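Presented below is the structure to which this report refers.
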Amino acid sequence: KNTTPSTMSGTIVETTVYTFSVPGGSLGTAGLLRLTLFGYGQLVSGGMTYRFKYGGTTFASYGGDDAFDVTSPHEIRFQLAALGATNTQVGRATILVSNSAVPNGLLSGASGVARSAGGVDSTVNQTLAVTVEQSVASASNNFTVEYAILELVK
């Protein structure tokens with residue numbers, strides 16, 4: 001687990017908000033990495049794109065465009081699973097953004113699911129990374145990961 005907050009704000013540059021070096025051999029042919037990020041953000045204008053990468057390959061990308069003008073809680077889940085080989089994986093991300101103004105309400109244009117398959121050699125160390133990119137550079141647009149939990153399921 002990582003409890004050191006990581007923030008991106010006021011830039012249109014893709015910014016890494018979480019990273020971990022996955023030891024080679026961890027996934028094997030049937031392993032699964034399960035990452036859960038808890039944080040918050042605010043989007044006054046434009047949109048935010050969340051990308052989930054393993055070994056430099058983007059396995060899921062989601063572009064939310066709902067302007068959540070108030071600081072809103074985020075729960076982001078990413079799973080990366082080996083598909084029977086050490087060089088074939090599938091990734092799936094689920095992004096949930098609450099509407100702080102409406103208790104228990106999700107922002108439909110900011111929440112969603114993304115999936116992609118790819119092939120990265122998991123027998124060597126690979127970087128697992130989550131990045132966020134804004135389409136409009138505004139100091140009012142921001143995203144913070146408060147803490148993260150990464151699990152290996154075999």
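This is a predicted model, so every value here is computed, not measured. All residue numbers refer to positions in the sequence shown, counting from 1.
For T29 (side chain) and A85 (main-chain N/O), no donor-acceptor pair under 3.5 Å exists by modelled atom type. Side-chain atoms of N2 never come within 3.5 Å of backbone atoms of Y147 as a donor-acceptor pair (strictly under, hydrogens ignored). For the pair N142 (side chain) and S140 (backbone), a donor-acceptor distance under 3.5 Å is present. In terms of modelled atom types and a separation under 3.5 Å, the side chain of S72 and the main chain of S98 share a donor-acceptor contact. For the pair Q134 (side chain) and T11 (backbone), a donor-acceptor distance under 3.5 Å is present. Listed for the T94 side chain is no donor-acceptor partner under 3.5 Å among the backbone atoms of V113. Although no hydrogens or angles enter the test, the distance criterion places no donor-acceptor pair under 3.5 Å between the side chain of S6 and the main chain of V145. Using a distance-only test at 3.5 Å, with no hydrogens or angles considered, no donor-acceptor pair links the side chain of N125 to the main chain of S21. A donor-acceptor distance shorter than 3.5 angstrom exists from the side chain of Q89 to the backbone of V120, with no hydrogens or angles considered.
Each of F38, F52, Y18 was scored for a side-chain contact (heavy atoms from CB on, under 4.5 Å) with I76, with one residue passing: F52.
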Derivation of the side chain to side chain contact (heavy atoms under 4.5 Å, CB included) call for T127 and F20: CA-CA 6 Å; T127 299; F20 181 81; over 6 Å; no

Worked check of side chain to side chain contact (heavy atoms under 4.5 Å, CB included) between S9 and F143: CA-CA 7 Å; S9 178; F143 177 72; over 6 Å; no

Check against side chain to side chain contact (heavy atoms under 4.5 Å, CB included), K154 and L152: CA-CA 6 Å; K154 288 269 191 169; L152 174 62; 4.0 Å; yes

Y50 vs H74, side chain to side chain contact (heavy atoms under 4.5 Å, CB included): CA-CA, chis, key distance, verdict: CA-CA 12 Å; Y50 307 84; H74 286 56; 3.1 Å; yes

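Distance check: N87 CG to L27 CG gives 11.5 Å after rounding to the nearest 0.5 Å. Rounding to the nearest 0.5 angstrom, the gap separating the CD atom in E146 from the OG1 atom in T3 is 11.0 Å.
Annotation: salt bridge (charged side-chain N to carboxylate O under 4.0 Å, His left out) contacts of R115 (sequence neighbours excluded): none.
Between the side chains of T131 and E14, at least one donor-acceptor pair of N or O atoms lies under 3.5 Å.
Side chains of L96 and R77 form a contact here, defined as non-hydrogen atoms less than 4.5 Å apart. With contacts defined as side-chain heavy-atom distances shorter than 4.5 Å, the pair L33/L150 qualifies.
Taking both residues in full, the closest heavy atoms of G10 and A137 are given as O-CB, 4.0 Å, listed atom of the first, atom of the second, then distance. Here the closest non-hydrogen pair linking A114 and S61 is CB-O, 3.3 Å. Taking both residues in full, the closest heavy atoms of A148 and L37 are given as CB-CD2, 3.3 Å, listed atom of the first, atom of the second, then distance. Nearest approach of M48 to L43, heavy atoms of both residues: CG-CD1, 4.0 Å. Annotation for V136 and I12: closest pair C-CG2, 3.6 Å, computed over non-hydrogen atoms. Between G91 and F78, the shortest heavy-atom distance links the atoms CA-CE1, 3.9 Å.
Cluster annotation: V17 is connected to L35 through the hydrophobic network of ILVMFWY side chains, with a link wherever side-chain heavy atoms come within less than 4.5 Å. Residues I95 and Y40 do not share a hydrophobic cluster, defined by chaining ILVMFWY side chains whose heavy atoms lie under 4.5 Å apart.
Crowding of L83 atom CG: a count of heavy atoms from other residues, nucleotides or ligands under 6.0 Å exceeding 12.
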